[in-house]
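Within every chain, numbering begins at 1; the chains are lettered A, B, ... in the order of the sequence lines, protein sequences first and strands thereafter.
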2 protein chains.
Amino acid sequence: MISQKAKYALRAIMALAGTKEPVLIGDIAEQENIPKRFLEQILLDLKHQGLVMSRRGRIGGYFLVRPPEDITIGEVLRTIDGPLAPLPCLSKMAYRACDDCDDEATCRVKALFADVAEATRRALDQTTFADAIAKKHPLVRARR
Amino acid sequence: MISQKAKYALRAIMALAGTKEPVLIGDIAEQENIPKRFLEQILLDLKHQGLVMSRRGRIGGYFLVRPPEDITIGEVLRTIDGPLAPLPCLSKMAYRACDDCDDEATCRVKALFADVAEATRRALDQTTFADAIAKKHPLVRARR
DNA sequence: ACCATCTCGACCGATTTTGTCAAGTTATAT
DNA sequence: ATATAACTTGACAAAATCGGTCGAGATGGT
């Protein structure tokens, strides 16, 4: 399960996907029904990660750095929820040894999850926001 | 990331995979370095789910109901960590509407995750414990 | 210079995670 | 029979995470 925070982040990005003009935090919050002060944090995280940019002052707001078809779910989830691998030792982007693993080379848990981790990584890093917008209505799904 | 509890459960099952004789909780706990009282809870959950059975009294212990090659990671993870879909509305086994979703049919978040959910489900439900034991050493991995 | 807006860090209650413990109940070897 | 090793249940609790709030300040268009 993804976190509520991640869900907000995804919705915020989709709210920005329609326009090139900066959008106010307040407008995104209202449109997507997200607590404003919480959304501020989220957008800040996305900004630090380089997914969005902001302009200050009057007529300020947030906007996407790249077009929606170049942004993957994986990037957003990693930014908000942290590593997406099932085990720290299987994370490509944020490798970390498991606390209780003495010999990673022969760890059966790691072996068990190797293919799973690869499959989910591929899925997450291949799905872009263009896909979501394209198949807005499940009944008229478009194949990529 | 899977929980520590799930990791314990997986290791416990692998500890049972070698024999048909009942294995003592204490022995599993010691061998796999799992807190005993905690492991009791975990095994109980697995038992309620029908993955393992137990015998009481002297010469008691736990043992697998099915052979390792018929037990998938998905079953264990669902038992211990709950639904494995990224969104409640995408769970096949434990469907639940998202709290904040007014129209599921046009929900862009759901659309975004449709393929991801399917990919991870397939991976989790196709990987069995036989696979893990087979490729204990990553260097001599066997293809299924 | 103004002021809407973004930025930063601290804080906070509720829930989940990761266990621990006590008091039973059950089965079986002897 | 009965002692005993083992399973079962439920309550409890410290620590981490989640979901969100708040105050004060920095920034930049007009």
Exercise. Considering all heavy atoms of both residues, which atom of A:Val52 and which atom of A:Leu64 are nearest to each other, and what is their separation?
Worked result: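 Smallest heavy-atom distance, with atoms named: CG1-CD2, 3.9 Å.
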For this session: Mind listing the closest non-hydrogen atom pair of A:Ile80 and A:Ser3 along with its distance?
Result: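 Closest approach of A:Ile80 to A:Ser3: CG2-OG, 4.4 Å.
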Could you tell me the separation between the [atom1] atom of [X] and the [atom2] atom of [N], rounded to a whole number of Å?
X: A:Phe38; N: C:dC8; atom1: CZ; atom2: P; value: 17 Å
X: A:Ile59; N: C:dC6; atom1: CD1; atom2: P; value: 11 Å
X: B:Asp45; N: D:dG10; atom1: CG; atom2: P; value: 12 Å
X: B:Ile80; N: C:dT18; atom1: CD1; atom2: C1'; value: 13 Å
X: A:Asp99; N: C:dT18; atom1: CG; atom2: C1'; value: 13 Å
X: B:Ile28; N: D:dC7; atom1: CD1; atom2: C1'; value: 12 Å
X: B:Leu24; N: C:dA27; atom1: CG; atom2: P; value: 17 Å
X: A:Ile42; N: D:dG20; atom1: CD1; atom2: P; value: 8 Å

Exercise. Taking the nucleotide of DNA chain C with the closest heavy atom to each, which residue, B:Arg55 or B:Asp81, is nearer the 5' end?
Worked result: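 The 5'-side residue here is B:Asp81.
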Exercise. Is there a donor on the side chain of B:Glu40 or the base of C:dT20 sitting less than 3.5 Å from an acceptor on the other?
Worked result: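 There is none.
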Using a heavy-atom cut-off of under 4.0 Å over every strand shown, decide if [X] touches base, sugar-phosphate, or nothing.
X: B:Gly61; value: sugar-phosphate
X: A:Leu43; value: nothing
X: B:Lys47; value: sugar-phosphate

Problem set entry | Under-4.0 Å side-chain N/O to phosphate OP1/OP2 contact, B:Tyr8 with C:dT18 |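 No, because none of the side-chain N or O atoms of B:Tyr8 sits under 4.0 Å from OP1 or OP2 of C:dT18.
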Exercise. Has B:Ser54 got a side-chain N or O lying under 4.0 Å from the OP1 or OP2 atom of D:dT8?
Worked result: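 Checking D:dT8 against B:Ser54, a side-chain N or O does come within under 4.0 Å of OP1 or OP2.
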For this session: Output all residues satisfying salt bridge (Lys or Arg N to Asp or Glu O under 4.0 Å) with A:Arg78, sequence neighbours left out; order by chain, then residue number.
Result: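 A:Arg78 satisfies salt bridge (Lys or Arg N to Asp or Glu O under 4.0 Å) with A:Asp125 only.
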Problem set entry | B:Arg58 or A:Arg58, whichever maps to the more 5' nucleotide of DNA chain D |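 Here B:Arg58 is the residue nearer the 5' end.
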Exercise. Would you call A:Arg108 and B:Glu32 a salt bridge, using N to O less than 4.0 angstrom?
Worked result: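 Judged by the 4.0 Å cut-off on N to carboxylate O distance, A:Arg108 and B:Glu32 do form a salt bridge.
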Kindly point out which of [options] is positioned nearest to the side chain of [X]?
X: B:Gln41; options: C:dT20, D:dC22, C:dC6; answer: C:dT20
X: A:Pro35; options: D:dG19, C:dT20, D:dT21; answer: D:dT21
X: A:Arg37; options: C:dA29, D:dC22, D:dC7; answer: D:dC22
X: A:His48; options: C:dT18, C:dC8, C:dA29; answer: C:dC8
X: A:Tyr62; options: C:dT18, D:dT8, C:dC6; answer: C:dC6
X: B:Gln4; options: C:dG9, C:dG19, D:dG19; answer: C:dG19

For this session: Could you tell me whether the side chain of B:Thr120 and the main chain of B:Ala117 form a donor-acceptor pair under 3.5 Å?
Result: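 Side chain of B:Thr120 to backbone of B:Ala117: a pair is present.
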Exercise. Is there a donor in the side chain of A:Gln4 and an acceptor in the side chain of B:Asp100, or the other way round, less than 3.5 Å apart?
Worked result: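 Judged by distance alone, the side chains do pair up.
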